Protein chains: 2
Amino acid sequence: MKAQWHSWAVTPDATSAAAPGPVGTRDTRQRRAVLEVLDGEDGFRSAQAIHATLREAGVKIGLATVYRSLNSLSDAGSVDVLRDGAGEQLFRRCGGGSHHHHLVCRACGTTVEVESDSVESWAARVGREHGFSEVQHTIEVFGTCEACARSVASPDG
Amino acid sequence: MKAQWHSWAVTPDATSAAAPGPVGTRDTRQRRAVLEVLDGEDGFRSAQAIHATLREAGVKIGLATVYRSLNSLSDAGSVDVLRDGAGEQLFRRCGGGSHHHHLVCRACGTTVEVESDSVESWAARVGREHGFSEVQHTIEVFGTCEACARSVASPDG
DNA sequence: ACATTAGATGAGATTGATTATCAATACAAA
DNA sequence: TTTGTATTGATAATCAATCTCATCTAATGT
């Protein structure tokens with residue numbers, strides 16, 4: 001449950017100053033930069049990788065801010081999060097709000113969004129049949145994409 | 001690479017002694033204890049929880065050993081591993097070597113093993129259709145089991 | 001443009017899970 | 001038993017992710 005921060009609680013004489021927007025929506029140079037990196041990538045990337053990319057590009061930004069931006073974007077449903085084999089969080093800008101899953105290249109992170117009604121209903125049914133409620137699921141498919149498979153077979157430096 | 005501190009740098013006619021079995025298979029009090037805890041549980045448990053259980057039961061065992069045991073068991077395919085929402089590893093003794101997935105109670109960890117050929121083939125097909133090779137997948141279903149749902153509705157603590 | 005204020009930032013400290021170190025120990029074979 | 005090495009364990013180290021808090025700044029009102 002999020003706290004309310006609008007003045008419609010009409011605090012006595014606190015009405016003096018501003019009516020700031022909700023938390024996590026203020027437009028800042030740093031958040032814009034994080035979004036730009038995400039929009040420029042087609043695969044999942046770690047927070048640390050995104051931070052490194054920004055610093056290398058000359059953007060002055062703290063690691064904590066990268067994490068904060070990614071988390072609020074994630075809360076807002078604007079980015080998808082998954083964990084790699086080591087348990088590290090990976091982030092990616094994903095389309096729309098529609099529920100989907102990912103086919104991710106282990107080597108380069110390139111990602112294809114995939115959907116399947118049958119899998120969705122399978123997960124829901126499995127939960128229901130065993131008396132579970134509030135059923136969710138996590139499905140990720142990993143593999144080696146064509147390009148990476150080729151470059152392993154014939155590394156041309 | 002591990003440093004050696006024993007004097008076997010003196011391997012003169014090293015054929016002398018034993019022919020020890022493969023690494024990770026030696027029968028020790030600690031490994032037996034970890035397996036016992038796993039066999040006594042029906043849900044996924046964290047390494048730290050397993051360690052705590054053992055210590056409370058009076059078993060003298062180090063946390064590092066619990067992790068090592070769980071990891072070698074996992075490598076051997078004797079236990080399944082998944083990560084909870086926080087990214088923490090959870091372990092569970094699972095049946096046979098047959099590929100399956102889990103329906104896990106968020107509250108108590110109780111787990112049901114589930115199988116589905118259609119889901120397996122769906123994952124494989126999705127990868128193939130996009131030119132991915134060495135396709136793997138992770139599928140976990142989370143929910144609240146009947147018992148936990150009841151105890152939330154009417155806590156009789 | 002200026003003042004105001006609460007959200008946002010960042011360098012560094014902190015947490016927390018997991019792994020590495022390495023001397024001491026225990027298992028298994030002879 | 002003896003021997004050789006895998007295993008153990010207390011603790012340090014690692015690493016991702018979060019928290020602290022003084023400072024900054026975007027957003028709004030005047």
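For clarity, every value in this text was computed on a predicted model and none was experimentally measured. Below, chain A is the first sequence line, B the second, and so on; all start at residue 1.
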Handout entry: Electrostatic pair B:Glu36:B:Arg93 at N-O distance under 4.0 angstrom
Key = no
Exercise for the section: List the protein contact pattern of nucleotides 9-19 of chain C with one symbol per nucleotide (5' to 3'): B for base contact, S for sugar-phosphate-only contact, - for none; contact means a heavy-atom distance under 4.0 Å. Expected result: BBS-----SBB
Problem - Note, A:Glu120 side chain near A:His99 side chain (heavy atom, < 4.5 Å) - result: yes
Handout entry: Contact check, side chains of B:Cys105 and A:Phe132, non-hydrogen atoms, under 4.5 Å
Key =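 In contact.
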Practice task
Using five base pairs at each end, measure the axis-to-axis angle across the helix from C:dA1-D:dT30 to C:dA30-D:dT1 and round it to 10 degrees.
Solution key: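 Computed angle between terminal axes is 40°.
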Exercise for the section: Please work out which of the three classes, parallel, tilted or perpendicular, describes the rings of A:His102 and A:Phe44, given edges at 30° and 60°. Expected result: perpendicular
Practice task
Evaluate whether atom CG of A:Asp39 has more than 12 neighbouring non-hydrogen atoms of other residues, nucleotides or ligands under 6.0 angstrom away.
Solution key: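 Correct, the count exceeds 12.
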Handout entry: Pair of N/O donor and acceptor under 3.5 Å linking D:dA27 base with A:Arg26 side chain
Key =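 Counting by modelled atom types and ignoring angles, no donor-acceptor contact under 3.5 Å is found here.
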Which pairs would a plain distance check flag for residues 53-65 of chain A, meaning a side-chain donor or acceptor within less than 3.5 Å of a matching protein atom at least two apart in sequence or in another chain?
from    : atom 1 : to      : atom 2 : distance (Å)
A:Thr53 : OG1    : A:Ala49 : O      : 2.9
A:Arg55 : NH1    : A:His51 : NE2    : 3.0
A:Arg55 : NH1    : A:Ile61 : O      : 2.8
A:Thr65 : OG1    : A:Arg68 : NH2    : 3.4

Practice task
With B:Val104 as reference, evaluate B:Val112, B:Leu82, B:Asp84 under the side chain to side chain contact (heavy atoms under 4.5 Å, CB included) test and give the passing residue.
Solution key: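 Among B:Val112, B:Leu82, B:Asp84, the one that satisfies the side chain to side chain contact (heavy atoms under 4.5 Å, CB included) with B:Val104 is B:Leu82.
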Problem - Check: A:His137 ring centre within less than 6.0 Å of B:His101 ring centre - result: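 No; B:His101 has its ring centre 6.0 Å or more from that of A:His137.
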